[in-house]
Amino acid sequence: MRIFITILSGFLLSASAVAQPVDQAVEDIRDHLIWTEPQIVQLQQLVDARASEGLGNCTISDFSQPNSASDPYRRSRLASVAANELMKAYLEGCSPASARAKWNISSDDRYIDTQQLLLKALVRNDLVGYFEALRPRNPHYQALREAYATEVDAEKRATLALNMERWRWMRLAMGQKYLLVNAASFEVTLWENDQKLKSWPVIVGKTKSPTPIFEATVSGVILNPWWEIPTSIVAEGIGSMVRNNPAAARRKGYVLQNGHYRQRPGPGNALGQMKLVMPNSYSVYLHDTPYKNRFSEPVRTFSHGCIRVGGAIDLDKTLLEGAATPEQIDEILASRKTTKLSLTKAIPIYIAYFTAEGAEDGTIRYFPDIYKRDDLKLAQNEPRLDCAA
């Protein structure tokens, strides 16, 4: 399996994966791929076992028809078709496109040269390794899969299967280091080589302004940020305060500049002392908050869609290792001067939604479906609401 994971990682580094060189044995059989009988038996076993991956609803073409004098390669050809269908199921699941309507995390798995990998698997006689390498690599998937194999409660099995499917909607190679926000667990986690390094509690959007599912790239941090106040929030009362009670507005840091309402950096700023630089079409960001007491609540749906981080300065210092020292960061914060610092290397961030995941003690943590996204029909109609950062 490690061989295929290494090969897959290489393919995902470039969109030109299909042009990667193959060894001579693969070249020799590219045009006349022949399956041995034991390999066909092994493929059938994998097809029969797909339900253990939560893929029982996936249709795989029959490949039991024997060869004939007029078609001596029929069964090998049919086996290749079935293997390709099973591969796609492992990579992307079998849900209809409508189920992913609001899952705005794209996948570059289409760049994997699966035909070349299949050829290598047959040459090396390692179909099992081939399919194991196509499974999501995050440990949460493996925990869900193991739980699914033994769970007898129908409702929990459905939840496990759905969240396994969500992992297949993620990129197979999510990055050497990445941030993952799970809105359902109210947590952001830093991962490296698919191992959890650290996590922080978060506050996410209200049920009427849900935090969207999307991906972005974190390139830096803004310390002591200004808050650019969205029109919708201005209309809630800030606008009238600036117009009718300017003294109170000044105390809170609200100003009107060039037709835009803003809030100065300071202890009462809605973004707190930091905001991640992560451009996206939703104007949704991870940021600090002056209201720390709400992190003690078990269900933390209080924002307009943005993600407030508990221990935000610790997140900053963790991400900025190698770019700025903790002392330098503290000095900038104390100055109240708006400062942008760049990470030594930009990293992906995934804002996702999993209502079940593995726990450190080997059990499964189940979370309330706060946004009713486990009902995929409801999830399709979820409104798009921009955040307030």
Is there side-chain contact between [X] and [Y], with heavy atoms separated by less than 4.5 Å?
X: R264; Y: R336; value: no
X: W169; Y: I105; value: no
X: H287; Y: C306; value: yes
X: Q65; Y: R77; value: no
X: E360; Y: K196; value: yes
X: E85; Y: V81; value: yes
X: T355; Y: R373; value: no
X: Y90; Y: L55; value: yes

request  = Fit a plane to each ring of W227 and Y254, take the angle between them on a 0 to 90° scale, and name the class: parallel (under 30°), tilted (30 to 60°) or perpendicular (over 60°).
outcome  =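 W227 and Y254: tilted rings.
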Just by distance, with hydrogens left out, do [X] and [Y] show a side-chain donor and acceptor under 3.5 Å apart?
X: D314; Y: W200; value: yes
X: W35; Y: S80; value: yes
X: D194; Y: Y178; value: yes
X: T189; Y: N182; value: no
X: Q39; Y: N125; value: yes

key: From CA spacing to verdict: side chain to side chain contact (heavy atoms under 4.5 Å, CB included), M241, K252   = CA-CA 10 Å; M241 180 190 298; K252 292 179 178 292; 3.8 Å; yes
Is [X] salt-bridged to [Y], going by a charged N under 4.0 Å from an acidic O?
X: R100; Y: E165; result: no
X: K156; Y: D153; result: no
X: R137; Y: E132; result: no
X: R168; Y: E92; result: no
X: E357; Y: R365; result: yes

ask   = Should the pair R294 and F302 be classed as cation-pi, given the thresholds of under 6.0 Å to the six-membered ring centre and 45° from the axis?
value =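 The answer is yes, since R294 meets both limits relative to F302.
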Test your reading of the model: is there a side-chain donor-acceptor pair from [X] to the backbone of [Y], 3.5 Å cut-off?
X: S219; Y: A346; value: no
X: D369; Y: D374; value: yes
X: D361; Y: T363; value: yes
X: T338; Y: P225; value: no
X: E215; Y: S106; value: yes
X: N280; Y: V284; value: yes
X: R300; Y: F186; value: yes
X: D288; Y: G272; value: no
X: S209; Y: S303; value: yes
X: N224; Y: K337; value: yes

Gap separating the [atom1] atom of [X] from the [atom2] atom of [Y], nearest 0.5 angstrom:
X: R262; Y: N269; atom1: CZ; atom2: CG; value: 10.5 Å
X: L43; Y: L122; atom1: CG; atom2: CG; value: 9.0 Å
X: L91; Y: R171; atom1: CG; atom2: CZ; value: 13.5 Å
X: T339; Y: E331; atom1: OG1; atom2: CD; value: 10.0 Å
X: F63; Y: S76; atom1: CZ; atom2: OG; value: 11.0 Å
X: K340; Y: K275; atom1: NZ; atom2: NZ; value: 10.0 Å

query = When you look at D330 and K317, which way does the salt bridge (Lys or Arg N to Asp or Glu O under 4.0 Å) test go after all the steps?
reply = CA-CA 9 Å; D330 288 338; K317 292 177 177 178; 2.9 Å; yes
With hydrophobic residues grouped by side-chain heavy-atom distances under 4.5 Å, do [X] and [Y] end up in a single group?
X: I349; Y: I313; result: yes
X: V277; Y: I347; result: no
X: L78; Y: L46; result: yes
X: L286; Y: F295; result: no
X: L197; Y: V181; result: yes

To check you understand the geometry: which heavy-atom pair defines the closest contact between [X] and [Y], and what is its length?
X: A79; Y: I40; value: CB-CG1, 4.4 Å
X: A183; Y: Y371; value: CB-CE1, 4.4 Å
X: L172; Y: R135; value: CD1-O, 3.3 Å
X: P139; Y: Q195; value: CG-NE2, 4.4 Å
X: A356; Y: I364; value: CB-CG2, 4.1 Å
X: A270; Y: Q263; value: N-OE1, 2.8 Å

query = Do I222 and L271 pass the side chain to side chain contact (heavy atoms under 4.5 Å, CB included) test, and can you show the C-alpha distance, the side-chain angles, and the key distance before you say yes or no?
reply = CA-CA 10 Å; I222 297 177; L271 304 184; over 6 Å; no
message = Strictly by ring pair (Phe, Tyr, Trp, His ring centres under 6.0 Å), give each pair with a member in residues 132-152 just once, sequence neighbours left out.
response =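 Listed once each, the pairs are H140-W191.
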message = With disulfide (SG to SG under 2.5 Å) as the rule and sequence neighbours excluded, what pairs involving residues 49-143 come up?
response =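 Counting only pairs at least two positions apart or across chains, the disulfide (SG to SG under 2.5 Å) contacts touching residues 49-143 are C58-C94.
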Residues Y282, N104; criterion side-chain hydrogen bond (donor to acceptor under 3.5 Å, both in side chains); working and verdict = CA-CA 11 Å; Y282 301 93; N104 302 303; 2.7 Å; yes
inquiry  = Surrounding CD of Q257 (heavy atoms of other residues, nucleotides or ligands, distance under 6.0 Å), is the total greater than 12?
reply    =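 Result for CD/Q257: enclosed.
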ask   = Do other residues, nucleotides or ligands put more than 12 heavy atoms under 6.0 Å from the CZ atom of R50?
value =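 Correct, the count exceeds 12.
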key: K198 and E192: CA distance, side-chain angles, deciding distance, side chain to side chain contact (heavy atoms under 4.5 Å, CB included) verdict   = CA-CA 10 Å; K198 205 167 186 178; E192 186 168 15; over 6 Å; no
message = Less than 6.0 angstrom separating the ring centers of F354 and W167, yes or no?
response =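 Between W167 and F354, which both carry aromatic rings, the centre distance is below 6.0 Å.
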query = Run the side chain to side chain contact (heavy atoms under 4.5 Å, CB included) check on T211 and Y353 step by step: do they pass?
reply = CA-CA 9 Å; T211 296; Y353 189 82; over 6 Å; no
